[in-house]
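For reference, the structure discussed in these notes is given below.
When a residue number appears, it is its place in the shown sequence, counting from 1.
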Amino acid sequence: MRVIIDDRFFEFQNERTEQIFTEQKTYLKDMIEKYQNEGDMEALVTTLLSLSNLTEGLINEMVEEVGADQVASYLKAKEV
């Protein structure tokens, strides 16, 4: 997986990546299906954008607290 941390590109793959991705995909698939079945695309798009913004904000806070190198080390990521 490639990610941007503090305007630097990193690549990582750890033993739990696939499990975590699978769980997240299931959660998002169920959420998307729920809003689509309700016909509430406003809620769907708002929820997806909110998750994106919240996630970015949390990552930025972590980077500010411990630094990009430490965050990358948590993932055993390599800068590319």
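With hydrogens and angles ignored, the 3.5 Å screen pairs a side-chain donor or acceptor of N14 with a backbone N or O of R16. In terms of modelled atom types and a separation under 3.5 Å, the side chain of T46 and the main chain of A43 share no donor-acceptor contact.
E15 CD to K76 NZ: the interatomic distance, rounded to the nearest 0.5 Å, is 5.5 Å. Distance check, rounded to the nearest 0.5 Å: CD1 of I4 to CD of E56 gives 9.5 Å. Taken to the nearest 0.5 Å, the CG atom of D40 stands 8.0 Å off from the OG1 atom of T47. Rounded to the nearest 0.5 Å, atoms CG (D69) and CD1 (I5) are 9.5 Å apart. Atoms OH and CG, from Y35 and L44 in turn, are 8.0 Å apart once rounded to the nearest 0.5 Å. From I32, atom CD1 reaches atom NZ of K29 across 10.0 Å, with rounding to the nearest 0.5 Å.
In this structure, the salt bridge (charged side-chain N to carboxylate O under 4.0 Å, His left out) partners of R2, at least two apart in sequence or on a different chain, are E11.
The shortest side-chain heavy-atom distance between L28 and L51 falls under the 4.5 Å cut-off. Residues F10 and V71 are not in side-chain contact: their nearest non-hydrogen atoms beyond the backbone lie 4.5 Å or more apart.
Side-chain contact, S50 with N53: no donor N or O sits under 3.5 Å from an acceptor N or O. Side chain to side chain, T26 and E23 fail the donor-acceptor criterion of an N or O pair below 3.5 Å.
In this structure, M1 and Q13 approach most closely via the heavy-atom pair N-OE1, 4.2 Å. Counting all heavy atoms, side chain and backbone alike, D6 lies closest to A68 at CB-CB, 3.7 Å.
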Determine whether M41 and Q36 satisfy the following criterion, side chain to side chain contact (heavy atoms under 4.5 Å, CB included), listing intermediate values before the conclusion.
CA-CA 7 Å; M41 298 309 289; Q36 285 178 332; 4.1 Å; yes

Evaluate the side chain to side chain donor-acceptor pair (under 3.5 Å) criterion for residues T22 and Q19: first the C-alpha distance (whole Å), next the side-chain angles of each, then the deciding distance (0.1 Å), finally the verdict.
CA-CA 5 Å; T22 299; Q19 175 192 352; over 6 Å; no

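At a threshold of 4.5 Å between side-chain heavy atoms, the hydrophobic network of Ile, Leu, Val, Met, Phe, Trp and Tyr places I59 and L48 in two separate groups. Linking Ile, Leu, Val, Met, Phe, Trp and Tyr residues whenever their side-chain heavy atoms come within less than 4.5 Å leaves V45 and Y27 in two separate clusters.
Heavy-atom contacts from other residues, nucleotides or ligands closer than 6.0 Å to CZ of F9 number 12 or fewer. In the displayed structure, E42 atom CD is contacted under 6.0 Å by at most 12 heavy atoms of other residues, nucleotides or ligands. Counting non-hydrogen atoms of other residues, nucleotides and ligands closer than 6.0 Å to CE of M31 gives a total above 12.
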